[in-house]
Engineer: 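Please find one structure pasted underneath; my questions will follow.
Quick caveat, the model's predicted, so the values are computed rather than measured. Numbers restart at 1 for each chain; the letters A, B, ... are given by sequence-line order, proteins then strands.
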Amino acid sequence: MKKGVSGIIMQAIKRGRKRGELVDGLLPPLTLEYPKEEIYGDYATNIAMVMASYEKRPPREVAETIVKLIEDEAGIIERVEVAGPGFINFFLKEDYWRHFLLEAAREGERYGEGELGKGKKVLVEFLSANPTGPLHIGHGRIAAFGDALANILEKVGYEVEREYYINDIGTQMQLLGRSVYLRYLQEWGKEVEFPADGYQGEYVKEIARQVKGKEGNKYITLPEREIVDTLGQKASETILRWIKDDLKGFRIRFNSWYRERDLYRGGLVPQILEELRGRDYIYEEEGAFWFKSTLFGDEKDRVVVRANGATTYFASDIAYHKDKYDRGYNFLIDIWGADHHGYIPRMEAAIQALGYDKISFKVILVQLVNLWRGGEQVSMSTRTGEFTTLQEVMGEVGVDACRYFFMLRRADSPLDFDLELAKREAAENPVYYVQYAHARIASIFKKAAKQVIKVPTFDEVDTSLLRLPEERWLVKQVAIFPEFLEGLAVSLEPHRLTSYLQDLAGVFHGYYNKHRVISEDKEMTKARLLLVKTIKGVLQSSLGLLGITAPEEM
RNA sequence: GCGCCUGUAGCUCAGUUGGAUAGAGCAACGGACUUCUAAUCCGUAGGUCGCAGGUUCGAAUCCUGCCAGGCGUGCCA
């Protein structure tokens with residue numbers, strides 16, 4: 001519908017230029033917006049004010065000229081006004097909006113699906129937490145964000161893959177293996193000193209006990225060097241199982257688990273280094289091999305092979321991202337914790353060195369979660385073992401509330417999460433407000449069923465009965481839903497869905513309190529049933545996109 | 001030091017990418033259950049959009065400089 005209106009404006013401007021009523025030149029970008037106030041119409045554009053500078057005329061005059069040139073062939077416009085400093089406000093015919101109610105009813109669950117991403121493959125890589133410890137609450141935020149974003153992209157037509165990259169080799173894995181080994185020795189009563197940089201968490205002891213229980217003392221006599229790998233691998237597999245369980249509980253599904261180990265197995269890392277060397281992007285210095293990331297704007301070159309011969313995490317990452325493109329994705333989205341932001345320039349450099357366009361690769365940073373318990377901040381470090389696990393929070397606060405809470409804020413805004421507060425507010429959490437609207441509508445239909453009122457189908461309803469301001473507002477919200485979802489996908493800002501939901505639920509609650517859906521007036525009842533049915537559908541699919549349930553009763 | 005992010009009501013945060021009178025929730029105060037669910041609604045109150053300049057018809061939003069907080073600045077991941 002937006003396209004229809006913008007088309008009309010563009011045609012008018014072109015017409016004016018042809019007739020010499022408007023100055024010729026480049027067409028300025030057209031922005032159409034939904035005015036906040038109803039008195040400003042259904043759509044407004046500022047185009048006349050933008051054009052005023054080179055038209056060398058007052059904006060209002062330019063606006064008047066454009067308005068006179070408008071031809072509404074499709075007959076969707078009720079009237080057009082020039083207002084304020086030079087806005088052109090469009091008032092559409094009422095039928096125009098109501099028509100979408102029928103569309104929403106007809107399409108049911110599929111309403112809101114779009115074609116924005118049709119034919120494009122997107123890989124969303126998120127979370128990718130190292131399997132060196134259980135997921136904590138910060139991971140929860142990234143997981144909730146990544147999942148919701150992937151859902152939305154899928155909804156608007158992209159072919160989406162959700163991938164988790166597992167760093168199952170390297171320094172951290174060695175350290176994990178060593179930590180387990182030392183705890184294992186302690187389990188057998190050996191006096192060993194546990195290093196400060198080891199993984200301190202209780203779970204390491206738990207894994208050590210498991211190893212002891214299953215395999216007895218077979219590792220005691222072996223030298224550390226020979227078994228650290230084995231133990232590290234065993235431990236990471238155990239932890240990975242925990243992570244998968246947690247994610248399942250958090251209603252998050254990945255369709256792909258990609259192991260760093262496999263990159264090496266497939267020889268991809270040496271291969272990519274060879275390729276970069278061939279393009280003269282790699283040089284040797286002080287015994288190490290460096291990638292010339294400064295050529296692409298990074299502040300310094302980066303090591304890919306250390307002096308000791310080991311490749312760096314960055315080297316794997318280059319190979320990994322190359323592989324993403326090789327698997328046929330047009331667009332790569334990485335979601336990282338904000339503490340990795342310094343890593344972006346070198347990754348973008350690598351993407352360009354490989355010959356891909358920078359805009360096909362996008363990193364979204366999710367700010368870390370500051371955890372509080374009462375008035376006191378809880379430090380969160382996997383290594384020291386001081387953290388609150390996602391599992392713990394899910395149990396205390398509930399998955400629905402937890403996921404909604406995470407989606408309430410912009411990704412790049414830091415989040416204070418107070419456990420005491422979250423628990424205390426569990427009953428008044430905004431998620432219940434939205435869910436309650438859904439449950440209320442469900443109960444309307446239960447009542448309707450008892451009174452043997454048939455749920456109307458889309459062709460037997462007179463939607464023009466929906467004339468109340470609240471009704472018109474609600475109809476419009478349902479109508480713009482598909483377009484709104486596209487906006488979320490373009491801006492990559494899924495959190496805005498919660499604002500939309502709260503507005504929608506809010507107006508519905510007010511409407512519900514003031515007016516009755518089921519009444520003596522049969523035609524009105526039908527029209528209102530259709531309205532609330534579509535609202536219910538929008539609530540349900542939106543909550544679904546956020547991974548939150550839409551209960552039939554509460 | 002340098003780089004990135006943030007700064008909006010007492011608190012936690014939105015603000016449709018530069019629009020018209022800056023919005024919610026919580027907390028406070030006053031009202032509404034004989035009705036399709038009161039986990040709700042209606043009303044009152046609450047603001048120097050960190051500060052100072054700049055850009056233009058127009059700035060919370062863009063540019064510059066300060067101030068404050070967070071993160072980063074490894075041949076760690």
Engineer: Need one value for A/Ala44: base, sugar-phosphate or nothing, where a base atom within 4.0 Å counts as base even if backbone is also close, heavy atoms only.
Structural biologist: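 Here A/Ala44 touches the bases of the nucleic acid.
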Engineer: Can you tell me which nucleotide in B/C5, B/C36, B/U40 comes closest to the side chain of A/Ile444?
Structural biologist: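 Taking heavy atoms from C-beta onward, the closest nucleotide is B/C36.
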Engineer: Please state the P separation for the pair B/A24 and B/G43 - nearest whole angstrom.
Structural biologist: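 10 Å, rounded to whole Å.
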Engineer: As a test of the definition: with a 90° window around 0 for syn, would you call B/C11 syn or anti?
Structural biologist: anti
Engineer: Determine, for A/Glu237 against A/Arg259, whether the closest basic-nitrogen to carboxylate-oxygen distance falls under 4.0 angstrom.
Structural biologist: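 Salt bridge present between A/Glu237 and A/Arg259.
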Engineer: How long is the line joining CG of A/Asp416 and P of B/G69, in whole Å?
Structural biologist: 16 Å
Engineer: Which is true for A/Gln435 with a 4.0 Å heavy-atom rule: it touches a base, it touches only sugar-phosphate, or it touches nothing?
Structural biologist: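 Counting heavy atoms under 4.0 Å across all strands, no contact is made by A/Gln435.
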Engineer: Ignoring backbone atoms, establish whether A/Arg306 has a side-chain N or O less than 4.0 Å from OP1 or OP2 of B/A77.
Structural biologist: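 For B/A77, OP1/OP2 do have a side-chain N/O of A/Arg306 under 4.0 Å.
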Engineer: Given that both distances must come in under 3.5 Å, which nucleotide forms a Watson-Crick or G-U wobble pair with B/G46?
Structural biologist: none
Engineer: Taking O4'-C1'-N9-C4 for purines and O4'-C1'-N1-C2 for pyrimidines, is B/U48 syn (within 90° of 0) or anti?
Structural biologist: anti
Engineer: Classify A/Ala52 by what it touches in the nucleic acid, base, sugar-phosphate, or nothing, heavy-atom distance under 4.0 Å.
Structural biologist: nothing
Engineer: Is A/Phe484 touching bases, backbone alone, or none of the nucleic acid, heavy atoms closer than 4.0 Å?
Structural biologist: nothing
Engineer: Taking the minimum atom-to-atom distance to the side chain of A/Arg410, which one of B/A39, B/U12, B/G15 wins?
Structural biologist: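 Taking heavy atoms from C-beta onward, the closest nucleotide is B/G15.
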Engineer: With rounding to the closest Å, how many angstrom separate the C1' atoms on B/U17 and B/G58?
Structural biologist: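 The answer is 16 Å between these two C1' atoms.
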Engineer: Partner of B/G1 by Watson-Crick or G-U wobble geometry, both contacts under 3.5 Å, or none?
Structural biologist: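 Here B/G1 is engaged in a pair, and the nucleotide opposite it is B/U73.
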Engineer: State whether A/Arg440 places a side-chain N or O below 4.0 Å from either non-bridging phosphate oxygen (OP1 or OP2) of B/A38.
Structural biologist: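 Answer yes for this pair, as a side-chain N or O of A/Arg440 is under 4.0 Å from OP1 or OP2.
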Engineer: Which one, B/C75, B/U17, B/C36, comes nearest to the side chain of A/Arg516?
Structural biologist: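 The answer is B/C36, which lies nearest to the side chain.
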Engineer: Starting at the 5' end of RNA chain B, which residue's closest nucleotide do you reach first, A/Gly510 or A/Leu415?
Structural biologist: A/Leu415
Engineer: What about A/His509: does its side chain form a donor-acceptor pair under 3.5 Å with the base of B/C41?
Structural biologist: no
Engineer: Considering only NZ, NE, NH1 and NH2 on the basic side and carboxylate oxygens on the acidic side, decide whether A/Glu163 and A/Lys324 come within less than 4.0 Å.
Structural biologist: no
Engineer: Give A/Ser491 one of three labels, base, sugar-phosphate or nothing, depending on what nucleic acid heavy atoms sit under 4.0 Å from its own.
Structural biologist: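 A/Ser491: base contact, heavy atoms under 4.0 Å.
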Engineer: I'd like the P distance from B/A22 over to B/G47, given in whole Å.
Structural biologist: 13 Å
Engineer: So, A/Ser519 versus A/Arg528: side-chain donor-acceptor pair below 3.5 Å or not?
Structural biologist: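 On atom types as modelled, these side chains do not qualify, holding no pair under 3.5 Å.
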Engineer: Need one value for A/His438: base, sugar-phosphate or nothing, where a base atom within 4.0 Å counts as base even if backbone is also close, heavy atoms only.
Structural biologist: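 Nothing, no heavy atom under 4.0 Å.
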Engineer: Which of these nucleotides, B/C75, B/C57, B/A77, is closest to any side-chain atom of A/Pro85?
Structural biologist: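 For the A/Pro85 side chain, the nearest candidate turns out to be B/C57.
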Engineer: Measure the distance from CG on A/Leu368 to P on B/A77 and round it to the nearest whole Å.
Structural biologist: 19 Å
Engineer: Rounded to whole angstrom units, what separation is found between the CE atom of A/Met49 and the C1' atom of B/A20?
Structural biologist: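 Atom CE in A/Met49 sits about 9 Å away from atom C1' in B/A20.
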Engineer: Does A/Asp301 reach the main-chain N or O of A/Thr294 with its side chain, forming a donor-acceptor pair under 3.5 Å?
Structural biologist: yes
Engineer: Specify the residue among A/Phe314 and A/Val517 whose closest nucleotide of RNA chain B lies further upstream toward the 5′ end.
Structural biologist: A/Val517
Engineer: Take atom P in B/A27 and the same atom in B/A60, then report the distance between them in whole Å.
Structural biologist: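 These two P atoms come out 30 Å apart once rounded.
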Engineer: Should A/Lys300 be listed as having a side-chain N or O under 4.0 Å from OP1 or OP2 of B/C75?
Structural biologist: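 Looking at the OP1 and OP2 atoms of B/C75, one of them is under 4.0 Å from a side-chain N or O of A/Lys300.
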Engineer: How long is the line joining CD1 of A/Ile88 and P of B/C57, in whole Å?
Structural biologist: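 That distance rounds to 17 Å.
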Engineer: Could you measure between the two C1' atoms, the one in B/U21 and the one in B/G31, and give it in whole Å?
Structural biologist: 27 Å
Engineer: Is there a Watson-Crick or G-U wobble partner for B/C26 with both distances under 3.5 Å, and which nucleotide is it?
Structural biologist: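 The answer is B/G10, by the H-bond criterion.
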Engineer: Rounded to whole Å, please give me the gap between CD1 in A/Ile535 and C1' in B/C36.
Structural biologist: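 Going from CD1 in A/Ile535 over to C1' in B/C36 covers 14 Å.
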Engineer: Looking at A/Phe91, is A/Arg79 sitting on its ring face, NZ or CZ under 6.0 Å from the six-membered ring centre and within 45 degrees of the normal?
Structural biologist: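 Yes.
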Engineer: Which one, B/G15, B/A39, B/A77, comes nearest to the side chain of A/Asn167?
Structural biologist: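 So the nucleotide nearest the side chain must be B/A77.
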Engineer: Would you indicate which nucleotide in B/A24, B/C13, B/A20 comes nearest to any side-chain atom of A/Tyr40?
Structural biologist: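 That would be B/A20.
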Engineer: Using purine N1 to pyrimidine N3 plus N6-O4 or O6-N4 for Watson-Crick, or N1-O2 and O6-N3 for G-U wobble, each under 3.5 Å, what pairs with B/A38?
Structural biologist: none
Engineer: Between A/Phe417 and A/Phe405, is the gap from one ring center to the other below 6.0 Å?
Structural biologist: yes
Engineer: Going by purine N1 to pyrimidine N3 plus the second Watson-Crick contact, or the G-U wobble pair, all under 3.5 Å, which nucleotide sits opposite B/U64?
Structural biologist: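 Checking every strand shown, B/U64 finds its partner in B/A52, with both distances under 3.5 Å.
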Engineer: Using the P atom in both, what is the distance from B/U55 to B/C63, to the nearest Å?
Structural biologist: 15 Å
Engineer: Measure from the side-chain heavy atoms of A/Tyr313 and tell me the nearest of B/A20, B/U35, B/A77.
Structural biologist: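 The answer is B/A77.
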Engineer: Find the distance A/Glu552:CD to B/A39:C1' and express it as a whole number of Å.
Structural biologist: 17 Å
Engineer: So what does A/Asn89 touch, heavy atoms closer than 4.0 Å: a base, only the sugar-phosphate, or nothing?
Structural biologist: base
Engineer: Go through B/C57, B/C36, B/G3 for me and flag the one nearest to the A/His341 side chain.
Structural biologist: B/G3
Engineer: Which whole-number value in Å describes the distance from A/Asp168 CG to B/A77 P?
Structural biologist: 13 Å
Engineer: Could A/Glu552 and A/Lys536 be called an ion pair, given the rule that one side-chain N must be under 4.0 Å from one carboxylate O?
Structural biologist: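 Looking at A/Glu552 and A/Lys536, the cut-off is met.
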Engineer: Is a donor on one side and an acceptor on the other found under 3.5 Å between the side chain of A/Tyr258 and the backbone of A/Leu263?
Structural biologist: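 Looks like no, no N/O pair under 3.5 Å.
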Engineer: Take atom C1' in B/C57 and the same atom in B/U64, then report the distance between them in whole Å.
Structural biologist: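 Per the computed distance, 23 Å lies between those C1' atoms.
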Engineer: Less than 4.0 angstrom between a side-chain N/O of A/His495 and OP1 or OP2 of B/C13, yes or no?
Structural biologist: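 For A/His495, the contact criterion (side-chain N or O under 4.0 Å from OP1 or OP2 of B/C13) is not met.
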Engineer: Check every atom of B/A14, B/A39, B/G19 against the side chain of A/Ser499 and return the nucleotide holding the closest atom.
Structural biologist: B/A14
Engineer: Side chain of A/Asp339, heavy atoms from C-beta onward: which of B/C75, B/C71, B/U17 has the nearest atom to it?
Structural biologist: B/C71
Engineer: Roughly, in whole Å, what's the span from CG in A/Leu539 to P in B/U40?
Structural biologist: 15 Å
Engineer: Is A/Phe87 stacked against the base of B/G19, taking the criterion as centroid distance under 5.5 angstrom and interplanar angle under 30°?
Structural biologist: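 Stack criterion not met.
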Engineer: Going by modelled atom types, is there a donor-acceptor pair between the base of B/G19 and the side chain of A/Asn46 at under 3.5 Å?
Structural biologist: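 Present.
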Engineer: Between B/G1 and B/A9, how far is it from one C1' atom to the other, in whole Å?
Structural biologist: 37 Å
Engineer: Among A/Ile88, A/Val50, A/Val5, A/Ile66, which residue meets the side-chain contact (heavy atoms from CB on, under 4.5 Å) test with A/Thr45?
Structural biologist: A/Ile88
Engineer: Output yes when at least one side-chain N/O atom of A/Thr171 is less than 4.0 Å from OP1 or OP2 of B/A77, else no.
Structural biologist: yes
Engineer: With stacking defined as ring centroids separated by under 5.5 Å and planes differing by under 30°, is A/Tyr433 stacked against B/A39?
Structural biologist: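 A/Tyr433 vs B/A39: stacking no.
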Engineer: Does a side-chain N or O from A/Tyr436 land closer than 4.0 Å to OP1 or OP2 of B/A39, or not?
Structural biologist: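 A/Tyr436 to B/A39 OP1/OP2: side-chain N or O found under 4.0 Å.
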Engineer: Does A/Trp473 use its side chain to pair, donor to acceptor, with the backbone of A/Val507 at less than 3.5 Å?
Structural biologist: no
